[in-house]
Amino acid sequence: MGFEPESRLVDERVESRINTLTLEQLEVVRRGAEIIKSGGLVAFPTETVYGLGANALDAEAVRRIYETKGRPSDNPLILHVSSIEMTEDLVEINWRARMLMERFWPGPLSIVLPAKEIIPPRTRGGLPTAAVRMPDGAVALALIKFSGLPIAAPSANISGRPSPTDAETVRRDVGGKIPLVIDGGETRFGVESTVIDMTGEHAVLLRPGGLAKEALEAELGEEVLLPQDQKIIKRSPGTRYRHYAPEIPLILAAPGEIPQDAQNWAWMGIAEPNGAPAKKVKFRDAEEYARELFRAMRALEKSGVSVIYAELPGERGIGLALKDRLIRAAGK
Ligand code: AMP
Ligand code: MG
C-alpha cells in the first residue's frame with residue numbers, strides 16, 4: 001500500500017541513469033545482456049568496483065563465476081537487481097528493508113533477506129538467505145534491465161586479490177577467460193557495498209562498505225549492530241577469507257610508528273609520514289583513500305618497494321569500510 005509511489009521513485013532514478021548512456025554504450029550493453037541471457041559471463045562497472053556477472057538464477061552460469069575467480073563455493077554472491085519489483089521475486093522483503101531500498105537504491109547497499117526458492121542454492125552459498133543490491137551505475141542498471149534477470153556478481157578479480165576499480169585491471173585478472181569486459185572508466189567509490197542483515201529483530205552490519213553505518217542508523221532510527229555486538233553470531237561467510245591482499249607485506253602504522261631502520265618502504269595514507277619513504281601515495285581524505293586504495297596497492301606492489309606502511313583511518317563514514325579492507329590486506 002502507500003509504498004508504490006516510493007518504488008516508482010526508485011524506477012525513475014534507474015531510468016534517469018540509463019538515459020545517460022550513449023548509443024555506442026547501449027550497443028555494448030545489449031551485447032552483454034545477450035551473453036547473460038545465454039548463460040555467459042560479463043564483467044561490468046558499478047559505482048563500487050567492477051563485477052563479474054552471470055544470470056543469478058542459472059546454477060551452471062553461477063558455477064562459472066566461482067570457477068573463473070577461484071572463489072570458495074561457500075562464499076555467497078550478491079544478486080544485482082534493477083527494480084524493487086524484480087527483488088520481490090527473489091527475497092521476502094520486510095517493511096524496514098523496503099524503507100532502506102527506497103532511500104538508498106540505487107546505491108552501495110546490499111541487503112540480506114530470506115531467500116525464495118527460485119534462487120539456486122549455489123548462488124547463495126547454500127544459505128537460506130540472499131543478499132540483494134541495486135547498483136548505482138548506468139551500465140550496470142541497463143545490463144540487468146535489458147537481460148531482464150537478476151545478475152549475480154562478485155568483484156571481477158581473482159579471489160584474494162585487490163578488487164578491480166578499472167577495466168584494464170579486470171582484463172589482466174580475468175580478461176582471457178570471459179567473452180566481454182564492459183569499460184566504464186574508473187569506479188566512483190572504490191570499496192565494495194555495505195552488507196546489512198535485515199532478517200532479524202536487529203539490523204546487523206555484516207560488512208562495512210560504500211554506504212556509511214551512520215546513514216543507515218539515521219534512516220532506521222535505531223542502532224545498527226556489528227557482528228560482535230550480538231549474542232547470536234551472524235556472519236558474512238566472505239569475511240572469513242583473507243582478502244584484498246597485495247603481493248608484498250602491508251603493515252598498519254601511524255605516521256610516527258615507522259621503524260627507523262625500515263628500508264625501501266612505501267607510505268600510503270592521509271598524513272605525512274615520518275622518515276623518507278621510497279614511494280609515497282598521499283590522499284586528501286578518507287573518501288579518496290577508499291576510492292584509490294586497491295589501485296594504490298596494485299601500483300605499489302609493482303613499484304619495486306619491499307613493504308607498504310599504511311595509515312589506519314578513523315571509523316567515521318567511509319572510514320569503517322576502509323579500515324576493514326586495510327586490516328584484511330594486512331592479513332590480520
Ligand atoms: P563480494 O561479492 O566479493 O563483494 O562479496 C559479497 C559479500 O556478501 C560476501 O562477504 C558475502 O559473504 C556476503 N553475502 C552474500 N550473501 C550473503 C548472505 N546470504 N548472508 C550473509 N552474507 C552474504
Ligand atoms: Mg570480492
Side-chain angles (χ1 to χ4, degrees), residues 41 43-54 56 62 65-66 68-81 87 90-93 97 107-135 140 150-165 169-170 173-174 187 189-200 202-211 225-227 230 232-246 290 293-294 297-298 321 324-325 327-329:
L41 266 51
F44 63 96
T46 79
E47 81 281 32
T48 58
V49 301
Y50 273 72
L52 180 63
V62 167
I65 295 180
Y66 283 95
T68 305
K69 276 183 63 84
R71 183 177 172 106
S73 63
D74 63 347
N75 188 0
L77 305 178
I78 294 167
L79 289 89
H80 293 74
V81 296
T87 316
L90 305 172
V91 289
E92 306 288 346
I93 306 178
L109 176 66
S110 300
I111 306 176
V112 173
L113 290 166
K116 293 191 175 172
E117 286 282 305
I118 190 171
I119 306 176
R122 184 171 272 141
T123 306
R124 40 190 162 98
L127 295 172
T129 54
V132 288
R133 156 168 134 83
M134 185 183 292
I151 297 185
S155 48
N157 53 296
I158 299 298
S159 253
R161 298 277 297 139
S163 301
T165 55
T169 309
V170 175
D173 262 24
V174 299
T187 59
F189 285 86
V191 291
E192 295 83 351
S193 61
T194 298
V195 181
I196 193 171
D197 184 308
M198 296 300 291
T199 60
H202 298 289
V204 181
L205 188 80
L206 296 181
R207 175 178 77 181
L211 182 69
L225 303 182
L226 297 175
Q230 30 151 37
I232 318 144
I233 296 297
K234 256 183 205 150
R235 284 206 308 197
S236 190
T239 56
R240 274 200 301 270
Y241 300 102
R242 183 159 182 265
H243 236 123
Y244 318 115
L293 173 71
F294 293 136
M297 288 197 306
R298 287 192 187 244
D324 170 81
R325 305 305 187 272
I327 288 173
R328 273 168 217 286

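Start at 1 and go down the list; that is how both ligands and their atoms are numbered. All residue numbers in this chain count up from 1 along the given sequence.
Heavy atoms of T129 found under 4.0 angstrom from ligand 1 belong to the backbone as well as the side chain. In A130, the part holding a heavy atom less than 4.0 Å from any atom of ligand 1 is the backbone. Contacts of D197 with ligand 1, taken as heavy-atom pairs under 4.0 Å, are absent altogether. Only side-chain heavy atoms of R71 come within less than 4.0 Å of ligand 1; its backbone N, CA, C and O stay farther off.
In summary, the atoms of ligand 1 found under 4.0 Å from a heavy atom of P154, numbered by their order in the structure, are 2 (O). Residue contact check: L206 has heavy atoms under 4.0 Å from atoms 21 (C), 22 (N) of ligand 1. Per-residue contacts place N75 under 4.0 angstrom from the following atoms of ligand 1 (heavy atoms of the residue considered): 9 (C), 11 (C), 12 (O).
Here the closest non-hydrogen pair linking G53 and I65 is C-CD1, 4.2 Å. In terms of heavy-atom proximity, N157 sits nearest to V174 at C-CG1, 4.5 Å.
E192 and S163 share a side-chain donor-acceptor pair at under 3.5 Å. In this structure, a donor-acceptor pair under 3.5 Å is present between the side chains of S110 and S193.
In this structure, of R124, R207, K69, R133, the residue bringing a heavy atom nearest to atom 4 (O) of ligand 1 is R207.
How far CG of L127 is from CD1 of I119: 11.0 Å, rounded to the nearest 0.5 Å.
Look at S159 and the Mg ion (ligand 2): no N/O/S atom of the residue is under 2.8 Å from the metal.
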*Going through the distances and angles, do D197 and R207 end up as a salt bridge (Lys or Arg N to Asp or Glu O under 4.0 Å)?*
CA-CA 9 Å; D197 184 308; R207 175 178 77 181; over 6 Å; no

